[in-house]
Amino acid sequence: MTTKKIRCYAPVFLFIFLLLLFHVATISYLTIAVSAFYAIMASESALWIILLTRRKARGIIHLKKKLRLIVLYGLPISLLVSVAGFLFSRWIGLHHEFAYIAGLNMLCCSLVIGAYECVYYVRQWKRLFIESENIRKSTLHIQYKFLRDQIKPHFLFNSLNSLTSLISQDPEKAERYVEEMAMVYRYLLKNNGKALTTFKAEREFLSSYLLMLHTRFNDALVIDMQVDACYDDFLIPPFVLQLLVENAVKHNIVSQSQPLTIRFYTDDEDQLYICNNLQKKRNPPPSEKTGLRNISSRYELLPVKRTPRITEQDELFKVMIPLIPHHTYETVEE
């Protein structure tokens with residue numbers, strides 16, 4: 001309800017209120033006229049008090065100051081209105097006591113001020129709520145974009161490191177590796193605008209990425225995908241599977257004598273597990289754990305209760321990734 005509507009409805013309400021509660025026993029043209037006069041004057045005086053108060057104390061945080069201003073402006077205005085009402089009642093032939101008229105005016109004025117302030121506070125609360133939500137969404141979007149943009153340099157850095165070692169070992173493989181890396185990176189740039197993607201799309205991207213890895217490792221890298229097709233429409237942040245495979249290859253020995261096996265499977269709680277046998281390199285490359293931290297941070301920014309869980313045992317490294325049902329969250333794009 002707006003201020004204009006309150007200004008229209010308040011005199012009508014006060015007129016009925018005064019007529020029924022105070023003049024119901026002696027309804028006449030005179031009591032109708034005086035009730036209408038009191039209602040209009042009380043309504044308009046309440047509006048003036050509110051307008052004067054809001055000029056000095058806007059918003060909803062200065063409650064004590066507002067109350068003081070309402071009293072400060074309300075008392076003289078109510079006194080003037082009461083005098084006008086007293087003179088009007090005498091003029092039309094009704095001999096109401098001044099205290100009676102002043103009491104009625106203060107009661108009616110208080111009711112209207114309460115209505116104005118209630119509507120004002122509700123509207124201000126809604127405005128602040130919307131602003132805070134917009135700020136929160138904007139902050140989440142900036143944080144998510146920052147995390148998402150980490151993926152591109154992270155992928156490129158690790159891929160170039162792999163290419164460097166491959167060039168000295170097998171130049172022909174290195175050439176094929178570059179071609180497949182270009183295809184994968186093109187896909188990464190194309191789909192980097194999504195906050196969530198389907199598991200099917202992520203699995204297809206992983207297949208393209210694995211072609212690049214198999215160029216380098218051949219049969220030394222074994223992928224065991226045991227995920228039912230019923231999970232194809234579930235959602236996960238993009239490039240999660242690729243980051244986990246990349247992390248496993250980066251930190252473990254991958255050779256014909258020591259093949260690396262990465263297994264994908266789900267449980268009854270719609271949780272995806274990615275685990276690999278641990279065979280850590282003797283001289284591992286420097287790592288800041290950007291990939292794993294990136295995945296966890298992106299899940300924290302999503303409205304889901306579960307977050308990734310990482311466990312490391314003697315011979316097994318396991319990561320749990322929550323799969324998000326498609327009907328509970330829509331894929332977000334820039």
Side-chain angles (χ1 to χ4, degrees), residues 1-139 303:
M1 183 177 287
T2 63
T3 301
K4 289 183 178 179
K5 288 184 178 180
I6 295 177
R7 192 176 185 182
C8 292
Y9 296 147
V12 178
F13 169 78
L14 291 179
F15 171 72
I16 298 172
F17 173 75
L18 291 171
L19 201 62
L20 294 180
L21 264 66
F22 298 98
H23 302 136
V24 66
T26 58
I27 291 180
S28 65
Y29 291 114
L30 294 179
T31 55
I32 292 174
V34 80
S35 295
F37 182 82
Y38 290 166
I40 294 171
M41 293 298 290
S43 177
E44 289 301 306
S45 62
L47 178 59
W48 277 102
I49 294 168
I50 288 295
L51 292 176
L52 291 171
T53 301
R54 288 180 188 171
R55 287 179 62 183
K56 299 288 186 178
R58 300 187 65 86
I60 59 176
I61 59 174
H62 306 291
L63 182 58
K64 290 183 178 179
K65 184 178 179 181
K66 262 191 174 180
L67 290 174
R68 288 197 300 267
L69 289 172
I70 287 173
V71 174
L72 179 65
Y73 294 129
L75 288 177
I77 291 175
S78 295
L79 180 62
L80 290 174
V81 171
S82 299
V83 170
F86 178 75
L87 295 175
F88 180 77
S89 65
R90 287 300 178 98
W91 179 66
I92 64 172
L94 289 177
H95 298 283
H96 288 160
E97 295 293 332
F98 180 79
Y100 172 78
I101 296 173
L104 278 183
N105 180 70
M106 291 187 67
L107 174 62
C108 295
C109 194
S110 300
L111 291 173
V112 178
I113 289 174
Y116 277 119
E117 285 299 278
C118 284
V119 171
Y120 180 77
Y121 269 75
V122 169
R123 290 176 65 186
Q124 290 293 311
W125 178 84
K126 285 183 178 179
R127 182 181 63 81
L128 291 174
F129 178 78
I130 292 170
E131 287 179 357
S132 64
E133 280 296 297
N134 289 337
I135 292 171
R136 186 184 68 84
K137 289 178 181 178
S138 177
T139 303

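For the atom pair CG of L75 and CD1 of I49, the computed distance is 8.5 Å after rounding to the nearest 0.5 Å. Distance check, rounded to the nearest 0.5 Å: SG of C108 to CD1 of I113 gives 11.5 Å. Remark: L47 CG to I77 CD1 distance equals 10.0 Å, nearest 0.5 Å. Rounded to the nearest 0.5 Å, atoms OH (Y116) and CD1 (I50) are 8.0 Å apart.
The closest side-chain heavy-atom distance from L72 to L69 is below 4.5 Å.
Between the side chain of S45 and the main chain of A42, a donor-acceptor pair closer than 3.5 Å is present. A donor-acceptor pair is defined here as one N or O able to donate and one able to accept, closer than 3.5 Å; such a pair exists between the side chain of S110 and the backbone of M106.
A distance of 6.0 Å or more separates the ring centres of W125 and Y121.
Minimum heavy-atom separation, R54 to Y120: NH2-CB, 3.1 Å.
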